[in-house]
Amino acid sequence: MSKPEIKPIPIKIHPRLTSGRFNNVRVGMVVLTQLAFFGMPWLQWNGRQAVHFNLAEHHFLIFGISLWPQDFIYLAALLVVSALGLFLWTTLAGRLWCGYSCPQTVYTQIMIWIERAIQGDHNARRKLDASPMSVGKFVKKGSTQAVMAAFSLWTGLTFVGYFTPMRELATLQMGPWDLFWTLFYGGFTWLMAGVLREKVCLHMCPYARFQGSMFDDHTLVISYDATRGEPRGKTQAKSEAQTKGCIDCGICVQVCPTGIDIRNGLQYECIGCAACIDACDQVMDKLKSPRGLIRYTSAEALQGKPAKSGPSFHRPRIVIYSCLLAGIITLSTTALVLKKPFKVDVLRDRASLVEQSDDGLLQNRYSLRVINTTEQAQRYVVTVEGLPGIRMEKPGQVIEVDPAQTETVPVRVQVEPESAPRGSHRIHFVIRSLNDDVSIREKSSFIGE
């Protein structure tokens with residue numbers, strides 16, 4: 001018995017250039033995502049960077065929306081929405097995220113463009129890889145890596161620009177940590193997209209492993225129509241219907257960025273980029289055969305069952321995902337709209353629990369941390385309540401806070417000794433904005449003696 005032939009695994013995949021409607025969408029998504037990524041740190045909003053995650057001050061600014069650690073719930077909601085959205089989209093239409101929007105796919109595509117521009121098409125790159133080292137090969141390979149490294153450093157600098165003001169980084173005013181994260185992010189961009197490429201999708205990405213659990217017979221995935229396409233080949237005797245099938249040209253394999261053959265059925269390595277659809281459609285056009293030998297379709301449709309033209313929304317998991325998404329988005333948006341325009345933290349002075357003022361009143365000290373989350377300067381007035389005759393040492397004191405800034409103000413609260421016997425008594429600070437007449441009531445305690 002002869003041993004089965006073992007095909008060697010290519011060291012590096014050089015996908016063939018293709019064109020078509022889905023390729024146009026992929027190119028459009030690369031341009032759109034990179035315009036957003038590289039352009040966002042340069043945008044200004046009310047004189048400040050529009051999107052700025054200030055980790056040192058625990059303060060996030062997103063187009064005028066000011067978020068603090070107390071607003072962590074919105075980040076949690078965003079992460080849940082992203083996860084549920086990915087589950088919903090995968091159940092409906094497979095791995096469209098991987099094929100069109102995933103950063104690994106986008107940056108790998110950019111690196112391939114750089115490689116193609118310097119070294120030539122896929123055949124030229126294969127020949128260059130197989131050729132012995134020479135001055136020409138060294139120059140081409142070296143210049144390719146130099147351009148890739150420069151682009152990767154640019155991405156690293158832009159990434160850091162979301163945390164350190166971008167206009168400072170542009171003038172190279174960066175500290176050691178800024179430099180470290182620029183090199184770290186840029187280095188991993190070069191490693192993942194310039195060196196490892198499809199191996200990240202094949203061996204490192206967990207999404208490729210569990211995506212199958214979200215598929216069913218109604219999910220739109222890229223599939224080869226074996227009923228129409230088999231038997232393959234140009235010279236085999238075929239019926240009239242089969243002459244519109246696969247001619248075994250292999251172009252669908254040549255254009256695949258992960259090097260698989262979609263004709264072998266659905267595989268976890270497929271990232272759903274639809275390059276094989278564009279390639280097959282071009283061959284069918286030349287043969288004057290109908291398109292769709294490889295297409296987005298469902299297992300139900302391939303089995304010959306009647307299927308709707310678009311994705312089916314009647315499945316229970318689709319209903320559950322959609323309801324959860326709608327509920328979380330609605331609640332989060334409502335909470336964000338109704339969010340108070342400022343926040344207050346009340347801190348007791350632990351060094352001096354209780355003292356007596358010059359006029360015989362009991363006195364406690366506090367620090368009020370007022371956070372202005374709006375884009376305008378605000379003025380606040382503080383009052384206190386909870387005990388008979390309790391008052392501020394400076395009644396009517398006005399606190400002024402600049403836009404999206406924090407002001408910490410020391411205050412003293414006084415009360416008659418007979419109104420505050422020994423022990424702890426609950427009191428409340430009422431902070432009212434003089435600009436929009438919004439109030440916040442914060443509880444604290446008053447220590448008597």
Side-chain angles (χ1 to χ4, degrees), residues 45-48 52 54 57-78 328-350 352-355 357 361-416 419-420 423-448:
W45 191 277
N46 290 334
R48 291 188 299 276
H52 184 208
N54 191 336
E57 298 181 3
H58 308 98
H59 182 202
F60 292 178
L61 276 173
I62 306 174
F63 292 102
I65 300 176
S66 186
L67 300 176
W68 298 85
Q70 298 92 327
D71 301 312
F72 178 80
I73 185 65
Y74 297 110
L75 175 60
L78 177 61
I328 295 173
I329 292 174
T330 300
L331 290 174
S332 301
T333 304
T334 302
L336 191 59
V337 170
L338 298 178
K339 186 168 70 79
K340 298 284 189 178
F342 65 99
K343 300 178 182 297
V344 179
D345 291 330
V346 180
L347 303 175
R348 285 190 50 84
D349 186 350
R350 300 296 182 182
S352 176
L353 295 181
V354 59
E355 57 188 16
S357 65
L361 299 177
L362 295 183
Q363 182 172 267
N364 284 191
R365 299 186 183 189
Y366 305 84
S367 292
L368 298 185
R369 185 168 179 261
V370 184
I371 306 170
N372 180 7
T373 62
T374 69
E375 291 297 307
Q376 295 81 33
Q378 299 285 337
R379 301 168 69 244
Y380 309 96
V381 64
V382 183
T383 57
V384 63
E385 58 187 36
L387 291 173
I390 192 170
R391 65 181 180 85
M392 306 289 295
E393 181 190 33
K394 298 179 181 179
Q397 179 181 359
V398 175
I399 303 173
E400 298 185 0
V401 186
D402 292 333
Q405 296 297 317
T406 302
E407 191 74 28
T408 301
V409 181
V411 297
R412 296 180 183 182
V413 175
Q414 298 176 337
V415 69
E416 295 288 346
S419 299
S424 175
H425 307 274
R426 173 166 294 188
I427 62 172
H428 290 87
F429 288 92
V430 179
I431 301 90
R432 181 171 61 88
S433 170
L434 298 178
N435 296 66
D436 47 25
D437 201 29
V438 175
S439 298
I440 289 180
R441 197 165 181 261
E442 286 289 325
K443 68 178 180 180
S444 185
S445 60
F446 187 94
I447 304 300

Discussion item. Could you go through Asn46 and Glu375, starting from their C-alpha distance and side-chain angles, then the distance that decides it, and tell me whether this counts as side chain to side chain donor-acceptor pair (under 3.5 Å)?
Written reply: CA-CA 7 Å; Asn46 290 334; Glu375 291 297 307; 3.1 Å; yes
Practice prompt. Begin with the C-alpha distance, continue with both residues' side-chain angles, and end with the deciding distance and a verdict on side chain to side chain donor-acceptor pair (under 3.5 Å) for Ser433 and Gln378.
Written response: CA-CA 7 Å; Ser433 170; Gln378 299 285 337; 3.2 Å; yes
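The distance from the CZ atom of Phe60 to the NE2 atom of His52 is 9.5 Å, given to the nearest 0.5 Å. Once rounded to the nearest 0.5 Å, the distance linking CZ of Arg441 with OG1 of Thr383 reads 9.5 Å. Interatomic distance, OG1 of Thr333 versus CG of Leu338, reported as 10.5 Å (0.5 Å rounding). Note that OH of Tyr366 and CD of Glu442 are 13.5 Å apart. Values are rounded to the nearest 0.5 Å. The distance from atom CG of Asn372 to atom NZ of Lys343, rounded to the nearest 0.5 Å, is 11.5 Å. Residue Glu355 holds its CD atom at 10.0 Å from CG of Leu362, rounded to the nearest 0.5 Å.
Between Gln363 and Ser357, the closest heavy-atom pair is OE1-CB, 3.9 Å. Of all heavy-atom pairs between Ala377 and Asn435, the closest is O-ND2, 3.4 Å. Contact detail for Gly389 and Val415: the closest heavy-atom pair is C-CG2, 4.4 Å. Contact record, Arg348 with Phe446: NH1-CA, 4.2 Å, taken as the closest heavy-atom pair.
When each of Ser444, Ser367, Ser445 is tested with Val346 by the rule side-chain contact (heavy atoms from CB on, under 4.5 Å), just one qualifies, namely Ser444.
Contact check for Met392 versus Val413: side-chain heavy atoms found under the 4.5 Å cut-off.
Note on ring orientation: taking the six-membered ring where Trp is involved, the planes of Tyr380 and Phe342 are tilted (angle from 30° to 60°).
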